[in-house]
Amino acid sequence: MLILGCPGSGKGTLSARVEKHFGIPIINAGDVLRWHIAHETDIGRQARDVIHNGQLMPDSIMMQLIGEKAISMGDHDWLLDGFPRTAGQADMLLQALHEQHTPLTLVVNLRVPESIILQRILERWTHIPSGRVYNLSYNPPQRPGLDDVTGEPLEKRDDDNPDTFKLRIDSFHAKTEPMIERLRSERCVYDPSRPLLVDLAGETSNAIWPKLRAAIEERCPHLVK
Ligand code: ATP
Ligand code: MG
């Protein structure tokens, strides 16, 4: 399954709920890149500038880092957050999944009004090693400034500022939206009466969560508890 949506639309928050509720492992593209930055690898050095400038990493690198991880899971369930983000990435992923006879079950597209997203990003604090996110207004940490699980300090992501956010939204409109429109025409191969992509709209992740849970339960009966 894929979870798509503009920066700050709640992909990370909702994937964490999917992982907890359904026990599905998540692969988060941004977290993998931030791991490389923290460990000062060659990819990390390139990613630092790209992320700071709100641009996108090259498709081939992202396919190696993220796409191949998903493909290697065979027919186990998994959820990708932050990949694919371009038509090129989507083509590579769908082609590889088709070849190994494990096509996608569901693509979720989160639709959150852009007018409220910048405020959410500015109020967001992140535990960088795990990717856990908190929001000062509606999902604050139990102890101010500290991660609930590890007690380690929370940080602002380098790209969660108004200038970089504008560039991230521009990249989303230019590169990711056309990909979403293309995926919108795909059917679910397991049930061709349904489209592959489902739009879920709401102003908060709490409002979207019941719709997401219902969409997963409908498409993946084996996950219903
Ligand atoms: P949010 O975390 O609020 O959902 P986001 O989706 O923009 O926002 P991340 O997924 O953490 O943030 O990605 C951060 C940055 O990493 C992106 O702005 C981009 O520079 C880079 N990146 C992440 N995924 C990809 C990808 N699939 N292709 C190219 N670059 C990527
Ligand atoms: Mg994210």
Side-chain angles (χ1 to χ4, degrees), residues 2-19 26-38 41 43-71 79-94 96 107-114 116-135 139 154-180 183 200 204-205 208 212:
L2 308 180
I3 189 158
L4 310 175
C6 74
S9 56
K11 300 184 294 290
T13 302
L14 287 163
S15 324
R17 290 204 200 171
V18 171
E19 180 176 49
I26 301 166
I27 306 169
N28 179 303
D31 287 349
V32 171
L33 292 175
R34 283 183 284 277
W35 183 93
H36 278 272
I37 292 174
T41 66
I43 287 176
R45 275 182 275 280
Q46 183 179 357
R48 186 188 300 272
D49 289 340
V50 168
I51 290 179
H52 181 75
N53 293 319
Q55 293 169 338
L56 295 178
M57 290 288 281
D59 287 351
S60 55
I61 292 183
M62 294 312 294
M63 185 63 195
Q64 274 167 23
L65 273 183
I66 312 297
E68 285 175 11
K69 223 178 235 188
I71 292 158
L79 187 165
L80 283 186
D81 168 2
F83 181 91
R85 259 179 216 253
T86 66
Q89 293 177 15
D91 286 344
M92 285 191 249
L93 178 68
L94 266 58
V107 176
V108 169
N109 181 37
L110 303 180
R111 300 187 73 114
V112 179
E114 233 168 76
I116 64 169
I117 281 181
L118 174 61
Q119 193 56 34
R120 277 164 63 161
I121 292 269
L122 297 181
E123 292 189 353
R124 174 161 77 177
W125 287 78
T126 305
H127 179 246
I128 304 270
S130 68
R132 270 185 292 280
V133 290
Y134 299 87
N135 182 285
N139 171 32
L154 302 177
E155 295 169 65
K156 282 309 282 181
R157 265 171 51 176
D158 177 52
D159 53 348
D160 280 351
N161 62 73
D163 290 342
T164 306
F165 182 71
K166 162 114 190 25
L167 300 171
R168 288 160 65 195
I169 288 281
D170 290 346
S171 296
F172 176 77
H173 288 311
K175 304 271 175 62
T176 309
E177 262 179 351
M179 174 198 86
I180 293 174
L183 289 174
L200 299 181
T204 64
S205 297
I208 293 179
L212 175 59

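Bear in mind that the values here come from a model prediction, so they are computed numbers and not experimental data. Order of appearance sets the numbers: ligands from 1, and atoms from 1 within every ligand. Counting begins at 1 with the first residue of the sequence.
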Next on the checklist: Give me the residue, atom name and distance of the protein heavy atom closest to atom 15 (C) of ligand 1.
Outcome noted: I51 CG1, 3.6 Å
Next on the checklist: Looking at C6, is its backbone amide N or carbonyl O close enough to the side chain of S9 to form a donor-acceptor pair, meaning the two atoms are under 3.5 Å apart?
Outcome noted: yes
Next on the checklist: Please check this pair: side chain of K11 against backbone of G5, looking for a donor-acceptor N/O pair closer than 3.5 Å.
Outcome noted: yes
Checklist entry - Which of the atoms in ligand 1, numbered in the order shown and given with their element, are less than 4.0 Å from a heavy-atom of K11? => result 4 (O), 6 (O)
Checklist outcome for this item: In ligand 1, the atoms that come under 4.0 Å of a heavy atom of A29 are 24 (N)
Checklist entry - Are any of the N/O atoms in G82 less than 3.5 Å from those in ligand 1? => result yes
Next on the checklist: Is it the case that ligand 1 has an N or O less than 3.5 angstrom from some N or O of R85?
Outcome noted: yes
Next on the checklist: Need the ligand 1 atom indices (1-based, order shown) with element for anything under 4.0 Å from a heavy-atom of R34.
Outcome noted: 11 (O), 14 (C)
Checklist outcome for this item: For Q89, the atoms of ligand 1 under 4.0 Å from one of its heavy atoms are 26 (C), 27 (N), 28 (N), 29 (C)
Checklist entry - What do you reckon, does D159 have a nitrogen or oxygen under 3.5 Å from a nitrogen or oxygen of ligand 1? => result no
Checklist entry - Considering only heavy atoms, does L56 approach ligand 1 within less than 4.0 Å through its side chain, its backbone, both, or neither? => result both
Item to check | Donor-acceptor contact present, side-chain E123 to main-chain Q119, <3.5 Å | outcome: no
Checklist entry - Tell me, do H173 and E114 make a side-chain contact under 4.5 Å, heavy atoms counted? => result yes
Checklist entry - Hey, is CZ on R157 packed in by over 12 heavy atoms from elsewhere, all under 6.0 Å? => result yes
Checklist entry - Do any heavy atoms of G8 fall under 4.0 Å from ligand 1? => result yes
Item to check | Any L122 side-chain heavy atom under 4.5 Å of L118 side chain | outcome: yes
Checklist entry - Should M57 be counted as touching ligand 1, given the test is an N or O pair under 3.5 Å? => result yes
Checklist entry - Under a 4.0 Å heavy-atom limit, does Q55 contact ligand 1 with its side chain, its backbone, both, or neither? => result backbone
Next on the checklist: Can you tell me if K156 has over 12 outside heavy atoms packed within less than 6.0 Å of its NZ?
Outcome noted: yes
Checklist entry - Which one holds for M62 and ligand 1: side chain close, backbone close, both close, or neither close, with close meaning a heavy atom under 4.0 Å? => result side chain
Item to check | Backbone or side-chain N or O of R168 under 3.5 Å from ligand 1 N or O | outcome: yes
Checklist outcome for this item: Looking only at protein heavy atoms, what sits closest to atom 22 (N) of ligand 1 is L33 CD1, 3.5 Å
Item to check | Numbered atoms and elements of ligand 1 in range of R157, under 4.0 angstrom, heavy atoms | outcome: 2 (O), 8 (O), 9 (P), 11 (O), 12 (O), 14 (C)
Checklist entry - Which of the atoms in ligand 1, numbered in the order shown and given with their element, are less than 4.0 Å from a heavy-atom of G30? => result 9 (P), 10 (O), 11 (O), 13 (O)
Item to check | Side-chain donor or acceptor of N53 paired with backbone N/O of Q55 under 3.5 Å | outcome: no
Checklist entry - N28 to ligand 1: N or O pair under 3.5 Å? => result no
Checklist outcome for this item: One should read off an interatomic distance between K69 NZ and F83 CZ, to the nearest 0.5 angstrom, of 12.0 Å
Checklist entry - Heavy-atom distance under 4.5 Å between the side chains of L56 and M62, does that happen here? => result no
Item to check | K175 NZ to R85 CZ distance, which is reported to the nearest 0.5 Å | outcome: 11.5 Å
